[in-house]
Engineer: 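The structure follows.
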Amino acid sequence: MTETLPSRTADLPAKWNPGEVEGAMYRRWVERGYFRADPASDRPAFCIVIPPPNVTGSLHLGHAMDHTLIDVLTRRRRMQGHDALWLPGMDHAGIATQSVVERRMAAAGEPDRHAIGREAFVEKVWEWKAESGGTILGQMERLGDGVDWSRERFTLDQGLSRAVSTVFKRMYDDGLIYRAERLVNWSPALRSAISDIEVDHAEVEGELVSMRYGDGDASVVVATTRIETMLGDTAVAVHPGDERYRHLVGTEIEMPITGRRIPVVADDYVDPEFGSGAVKITPAHDPNDFEVGRRHDLPMPTIMDETGVIAGSGTRFDGMDRFEARAAIREELREQGRIVAEKRPYVHSVGHCSRTGVPIEPRLSLQWFVRVEPLARSAGDAVREGRTVLHPKEQEKRFFDWVDNMHDWTISRQLWWGHRIPVWYGPAGEVVCVGPDEEPPAGEGWWQDTDVLDTWFSSGLWPFSTLGWPEETPDLAKYYPNSVLVTGYDILFFWVVRMMMFGTYAMGETPFRDVYLHGLIRDEHGKKMSKSKGNVIDPLDLMDAYGADALRFTIARGSNPGTDMSLSEEWVAGSRNFTTKLWNITRFALSKGADPTAPLPAEADRTDADRWILGRLTEVREQTDELLEAYQFAKATEGLYHFAWDELADWYVELCKTQLDEAATADGTRAVLGHVLDALLRMLHPITPFITEALWTALTGRETVVTATWPTAQDAGAPVDAAASARVTDVQKVITEVRRFRTEQGLPDRKSVAARLTGLADAGLAAHEPALRFLNRLDAAGTDFAATATFEVTTAGGPVTVELDTSGAIDVAAERARLGKDLAAAEKERDQADKKLTNPKFTEKAPADVVDGIRARHATALADIERIGARLAALPEA
RNA sequence: GGGCGCGUAGCUCAGCGGGAGAGCACUCGGUUUACACCCGAGCGGUCGCAGGUUCGAUCCCUGCCGCGCCCA
């Protein structure tokens, strides 16, 4: 599009066609290096690292929101003269990526990963990544993300892998990483351990079955929702103070089916009030039972394999899936007469693997853990001491609840795609953690741990590993800590907390000063988007139809801190309408010779409209700055929208038309129009980068708005002139009242009407008569002028009388209705004010300015009532 | 069960102690010196319910009802 890029002298095309222009525009920005950061520059650093999307992923609305907000922040800082870095990249997404490649292999009828071996499989994943991974990167370009592509990183690239092994080694040596046999959340679908936060708890309708262990006096009734675990029971527990079972504590009871004899133990964990007061204990398959087992030194047999199939129980149920076994065992016990009660459905909470949806099976296994206590404490301290500030602040409580009660983190995953745990085991039971520059022990019998690390381990290092750590690079020196982190509140625990733990540990300082947590995007009725509901909207479709700017504007306009936003295609269409409006204002301005480089007219030469719009520009600029500093994207965007459309387009552009026709004001108007538009486009650029680039370069003849300076008090607007603004408000009121009268009288807008306006001079509005006549199509009153309709408009400056010669009788009924409505409103106003003013407590206790305000309203209401009453009385009878 | 948040116009949401707002939708009228992806005018709300504090409550407090999310 380079040759079609509008220049200052050329006319803009009649329409903005984003699809034809955006791609080339983006490439030009990248080629010219606008997004490249330079640590050697003396400009202050501003750095945001991207929340790394999955290498398997494609752009969805969540990314679009995240990226839009980040881009707004970084583009604005760049314009403010910062050395702004938005660093892009992706994470390797261990489980997701491995699954994608395994599915592709299966679909192609290839042998599975176990058949080809680890090395060959990992090679295949890299091949897949080279071919079809990272499609999201191209989609980011479509959105206009101003990222520094020269610094793109990947969690499995060489540098980041070095960062991972460096941290692992250091934490291992510091005793913060350890290996232990623990009961972990096991996903039978993934055949891997997962961490606590990868488990979703959901209410399910199951069954609660009560059964009798033992016989006669030596028997107890226990209840369970997972009867199949009875194969792994190694005790029955009762409360120590429970008289009912005192005689049994210390004895053994014979189990049905297995015939094993298990002890009855006393433990405080048991709630004597719940059920029978006796609990079966399966230490290898339940977290609470595991703790009981440890206290009483119970055996911990595992009775399932890694896929959730019963194994090693020595019963006929071996080989049966856990749910199949649940039914089979229940039936067998029923036949034995051991089922004493059944509750079905029994609603209870069950943990599910968040990735596959399969119920978690707690499993005793040897895993690697991070001892989080000291790390979580320092992450918490960073927020407590204000070194990192969460926005919105309401999220702090959630944050503290989590970091102050965090459990040790399971970091090993039984996968092949990821950072392999850098620990070698020797033939004599040696365990050696190998640092990044160390040679692993070689020789007979040595082998490396087969597990890989949780992906969040490497993405937790992202704020500094991407800047070159552990090397001491110029980037690291300049951009750490990062300025802000922007992400969804849904990954506060997954990611933000981890980055803060690692950052404070490895770098000695929290990784970012601010954290902005945005909400989620929902459908037009506030429902979560999901494939099964069929309400998913693809951001790429929206950009195809309405342009990237329209999508970005919609998101920015809807993003209030801490709350989710609803989005529908209609709203994106509305944003597109806004961009069209901007286009047309600028087109108008250019056609009239608007010139942002011309000096503003001397203060004495400015019209009321000039003063008003320049003052408003000042207010809007200040408000926009304030709101964006506070991450109030929706309000900032809304403010710009309102200014551009309801003030600049609807009023200033209209009022300036008569100014442009007057020799005395034409040049000044061209300067003001150019000036205001220039500043507005620059303020909108971070939100809608493409169209503002096209319009601003056309308006100014300069190279790009990307590196233009952000408007400041020195170069945008003028001090607010309250008197001029009040007169503009009066003009708007008179115009609106005339329009209203015309509408209700059925006078077509386009029809010129002869009119006499009196009182303008006394109201201080004499200078506005040309604009009033132009915008209301009011002709001068000739010698044959005969008013057929008269009405008064109360302005702040005084009453203005409008007499019209409508060349015919007016619609008395319509006029009566209109006046009646006005009268009712004025009377209501009077009554409300009256009520307050006659209340001595109000006049005594309310602040003086409030009382004065009510008095003024009261007086205005009385005047209106009198005026309208007189007008009504003067109307001819219907 | 604990915590957080939300119930304001048909829809989605701002406002949060002194005159109820926006966008979309809707009704009516429009070939205006840029714009029908538009312009102009209008309709539409006991601000979830019940108490309390206050001269004054959509706004603060308490309780209740309904909804959402997080944690257990």
Side-chain angles (χ1 to χ4, degrees), chain A residues 11-12 14-16 196-197 200-201 349 351 392 394-398 400-402 405 489-490 492-493 519-520 522-528 546-547 550 554 557-558 560 562-571 573-592 594 632 634-635 638 641-642 645-646 649-650 653-654 656-658 660-661 735-752 774-777 818 821 825 828-829 832-833 835-837 839-847 849-851 853-854 856-858 860-861:
Chain A
D11 283 335
L12 285 173
K15 288 196 75 158
W16 164 241
D196 290 350
I197 46 177
D200 293 335
H201 293 271
S349 181
E394 291 76 49
Q395 293 286 346
E396 275 186 9
K397 200 167 294 174
R398 235 182 110 224
F400 288 131
D401 284 351
W402 177 264
N405 299 292
Y489 63 70
D490 54 327
L492 176 64
F493 307 140
L520 314 176
R522 297 171 174 276
D523 76 3
E524 58 191 310
H525 297 297
K527 296 269 182 284
K528 221 169 184 164
Y546 305 104
T554 305
R557 197 178 180 197
N560 279 299
T563 53
D564 295 346
M565 74 167 289
S566 295
L567 184 143
S568 75
E569 185 165 346
E570 284 84 73
W571 305 350
S575 299
R576 184 271 321 268
N577 296 351
F578 175 72
T579 62
T580 306
K581 191 56 150 177
L582 271 185
W583 185 264
N584 283 312
I585 301 171
T586 310
R587 218 155 61 93
F588 169 81
L590 284 174
S591 75
K592 296 293 185 186
Q632 295 278 1
K635 285 170 193 145
E638 183 67 24
Y641 175 95
H642 178 252
W645 201 319
D646 302 336
D650 284 355
V653 164
E654 294 303 328
C656 87
K657 285 173 181 171
T658 48
L660 288 164
D661 288 342
I735 291 173
T736 302
E737 283 300 309
V738 175
R739 283 173 178 164
R740 193 172 153 227
F741 178 85
R742 291 180 64 131
T743 296
E744 270 147 28
Q745 286 298 317
L747 291 171
D749 294 348
R750 66 183 180 285
K751 192 187 173 201
S752 289
F774 170 70
L775 293 175
N776 278 328
R777 303 224 139 198
R818 186 178 79 95
K821 200 186 291 174
K828 188 181 169 197
E829 180 82 357
Q832 283 178 343
K835 202 172 153 194
K836 293 197 171 188
L837 293 171
N839 181 352
K841 284 181 180 167
F842 171 74
T843 48
E844 280 162 28
K845 295 198 174 182
D849 60 322
V850 172
V851 178
I854 300 287
R857 281 168 50 195
H858 190 245
T860 307

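All values below were derived from every heavy atom in this structure, side-chain atoms included, with hydrogens, water molecules and symmetry-related copies excluded. Protein chains get the first letters and strands the later ones, always in sequence-line order, with residue 1 at the start of each. It should be emphasised that the depicted structure is a prediction, and the values quoted were computed from it without experimental measurement.
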Engineer: A:S568 near the nucleic acid: base, sugar-phosphate alone, or nothing, with a heavy-atom cut-off under 4.0 Å?
Structural biologist: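 If one applies the 4.0 Å heavy-atom cut-off, A:S568 turns out to touch nothing in the nucleic acid.
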Engineer: Looking at A:Y641, does the NZ or CZ of A:R557 lie under 6.0 angstrom from its six-membered ring centre and within 45 degrees of the ring axis?
Structural biologist: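 Here A:R557 passes the 6.0 Å and 45° test against A:Y641.
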Engineer: What distance, rounded to whole Å, do you find between the two C1' atoms, one in B:C61 and one in B:U54?
Structural biologist: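 It works out to 12 Å between them.
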Engineer: Students often get this wrong, so: under 4.0 angstrom with heavy atoms, is A:Y489 touching a base, only sugar-phosphate, or nothing?
Structural biologist: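 Here A:Y489 touches no strand at all.
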Engineer: Measuring only the P atom in each nucleotide, how far is B:G68 from B:U31? A whole number of Å is fine.
Structural biologist: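 The same atom, P, in both gives a distance of 50 Å.
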Engineer: Could you pick out which residue, A:T743 or A:M565, lies toward the 5' side of RNA chain B when each is mapped onto its nearest nucleotide?
Structural biologist: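 Its nearest nucleotide lies further toward 5', so the answer is A:M565.
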Engineer: Distance between the P atoms of B:A20 and B:C47, in whole angstroms?
Structural biologist: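 Approximately 11 Å lies between the P atom of B:A20 and that of B:C47.
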Engineer: Considering every strand and a 4.0 Å limit on heavy-atom distances, what is the contact class for A:R587: base, sugar-phosphate, or nothing?
Structural biologist: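 Sugar-phosphate contact only - A:R587 comes under 4.0 Å of backbone atoms but never of a base.
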Engineer: More 5' along RNA chain B: A:R777 or A:V850, using each one's nearest nucleotide?
Structural biologist: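 Its nearest nucleotide lies further toward 5', so the answer is A:V850.
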Engineer: Heavy atoms only, 4.0 Å cut-off, all strands: where does A:Q832 land among base, sugar-phosphate and nothing?
Structural biologist: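 Counting heavy atoms under 4.0 Å across all strands, no contact is made by A:Q832.
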Engineer: With sugar-phosphate meaning primed atoms plus P, OP1 and OP2, does A:R557 contact a base, only sugar-phosphate, or nothing at under 4.0 Å between heavy atoms?
Structural biologist: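 The answer is sugar-phosphate, as A:R557 gets under 4.0 Å only of primed atoms, P, OP1 or OP2.
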Engineer: Side-chain contact, heavy-atom cut-off 4.5 Å: A:D650 with A:E654?
Structural biologist: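 No, their side chains stay 4.5 Å or more apart.
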Engineer: Check this for me, if you would: do A:E394 and A:K397 make a salt bridge, where the nitrogen-to-carboxylate-oxygen distance has to be below 4.0 angstrom?
Structural biologist: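 No, A:E394 and A:K397 are not salt-bridged.
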Engineer: Students often get this wrong, so: under 4.0 angstrom with heavy atoms, is A:K527 touching a base, only sugar-phosphate, or nothing?
Structural biologist: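 A:K527: no heavy atom of the nucleic acid under 4.0 Å.
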Engineer: State, to 0.1 Å, how close A:G558 and A:M565 come at their nearest heavy-atom pair, and which atoms those are.
Structural biologist: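 Minimum heavy-atom contact is O-CB, 3.4 Å.
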Engineer: Using the P atom as the point on both nucleotides, what is the distance between B:C35 and B:G15, in whole Å?
Structural biologist: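 Per the computed distance, 37 Å lies between those P atoms.
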Engineer: Below 4.0 angstrom, N of the basic side chain to O of the carboxylate: do A:K841 and A:E844 qualify?
Structural biologist: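 Salt bridge flag = no for A:E844 with A:K841.
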Engineer: Could you tell me whether A:R576 contacts a base, only the sugar-phosphate backbone, or nothing, with contacts defined as non-hydrogen atoms closer than 4.0 Å?
Structural biologist: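 The residue A:R576 makes base contact.
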Engineer: Could you tell me how far B:C69 sits from B:U27 if I compare only their C1' atoms? Round to whole Å.
Structural biologist: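 Those two atoms are separated by 40 Å.
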Engineer: Can you confirm whether A:R522 sits close enough to A:K528 that some side-chain heavy atom of one is under 4.5 Å from a side-chain heavy atom of the other?
Structural biologist: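 Counting from C-beta outward, A:R522 and A:K528 do come under 4.5 Å.
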Engineer: So A:K592, base contact, sugar-phosphate only, or nothing? Heavy-atom distance under 4.0 Å.
Structural biologist: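 The answer is base, as A:K592 lies within the cut-off (heavy atoms under 4.0 Å) of a base atom.
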Engineer: Shortest non-hydrogen contact from A:R742 to A:N776?
Structural biologist: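 Nearest heavy atoms, A:R742 then A:N776: NH1-O, 2.6 Å.
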Engineer: Which value, in whole Å, describes the distance between the C1' atoms of nucleotides B:C26 and B:G10?
Structural biologist: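 Going atom to atom, C1' in each nucleotide, I get 9 Å.
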Engineer: Flag the pair A:S566 / A:E524 as yes when at least one side-chain heavy-atom distance between them is below 4.5 Å, and no otherwise.
Structural biologist: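 Result no, sub-4.5 Å side-chain heavy-atom pair not found.
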Engineer: Could you tell me the boundaries of the chain A footprint on RNA chain B, defined by atoms under 4.0 Å from its heavy atoms?
Structural biologist: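 Using the under 4.0 Å cut-off, the span is B:C4 to B:C70.
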Engineer: Regarding A:W645, tell me which of base, sugar-phosphate or nothing describes its non-hydrogen contacts under 4.0 Å with the strands shown.
Structural biologist: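 Sugar-phosphate, backbone atoms only, no base.
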Engineer: Going by heavy atoms in the side chains, are A:F842 and A:I854 under 4.5 Å from each other?
Structural biologist: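 Touching, per the 4.5 Å side-chain cut-off.
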Engineer: With heavy-atom distances below 4.5 Å as the criterion, would you say the side chains of A:L520 and A:Y489 are in contact?
Structural biologist: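 Contact flag for A:L520/A:Y489 side chains = yes.
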Engineer: For a quick check of understanding: with a heavy-atom distance under 4.0 Å over all strands, which category does A:A649 fall into, base, sugar-phosphate or nothing?
Structural biologist: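 Result for A:A649 = base.
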Engineer: For A:T563, answer base if it contacts any base atom (sugar-phosphate contacts may also be present), sugar-phosphate if it contacts only those atoms, and nothing otherwise; contact means non-hydrogen atoms under 4.0 Å.
Structural biologist: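 Sugar-phosphate only.
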Engineer: Roughly how many Å apart are B:U46 and B:C4, using the C1' atom of each and rounding to a whole number?
Structural biologist: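 It comes out at 30 Å once rounded to the nearest Å.
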Engineer: Would you please enumerate the stems RNA chain B participates in, each stem being three or more consecutive Watson-Crick or G-U wobble pairs with both distances under 3.5 Å?
Structural biologist: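 So far as stems of 3 or more pairs are concerned, RNA chain B shows B:1-7 with B:65-71, B:10-13 with B:21-24, B:26-30 with B:38-42, B:48-52 with B:60-64.
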Engineer: Checking all strands, does A:E654 fall into the base, sugar-phosphate, or nothing category for heavy-atom contacts under 4.0 angstrom?
Structural biologist: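 Base contact - A:E654 has a heavy atom under 4.0 Å of at least one base atom.
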Engineer: Using modelled atom types only, decide if a donor and an acceptor are shared between the side chain of A:R818 and the backbone of A:Q745 within a distance under 3.5 Å.
Structural biologist: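 Between the backbone of A:Q745 and the side chain of A:R818 there is no qualifying donor-acceptor contact (under 3.5 Å).
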Engineer: Which part of the nucleic acid, if any, lies within reach of A:P840 when heavy atoms closer than 4.0 Å are counted: base, sugar-phosphate only, or nothing?
Structural biologist: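 Counting heavy atoms under 4.0 Å across all strands, no contact is made by A:P840.
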Engineer: What is the nucleic acid contact for A:K397, judged by heavy atoms within less than 4.0 Å: base, sugar-phosphate only, or nothing?
Structural biologist: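 It contacts sugar-phosphate atoms only.
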Engineer: Quote, to the nearest angstrom, the P distance that separates B:C39 from B:G45.
Structural biologist: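 Each nucleotide's P atom is 26 Å from the other's.
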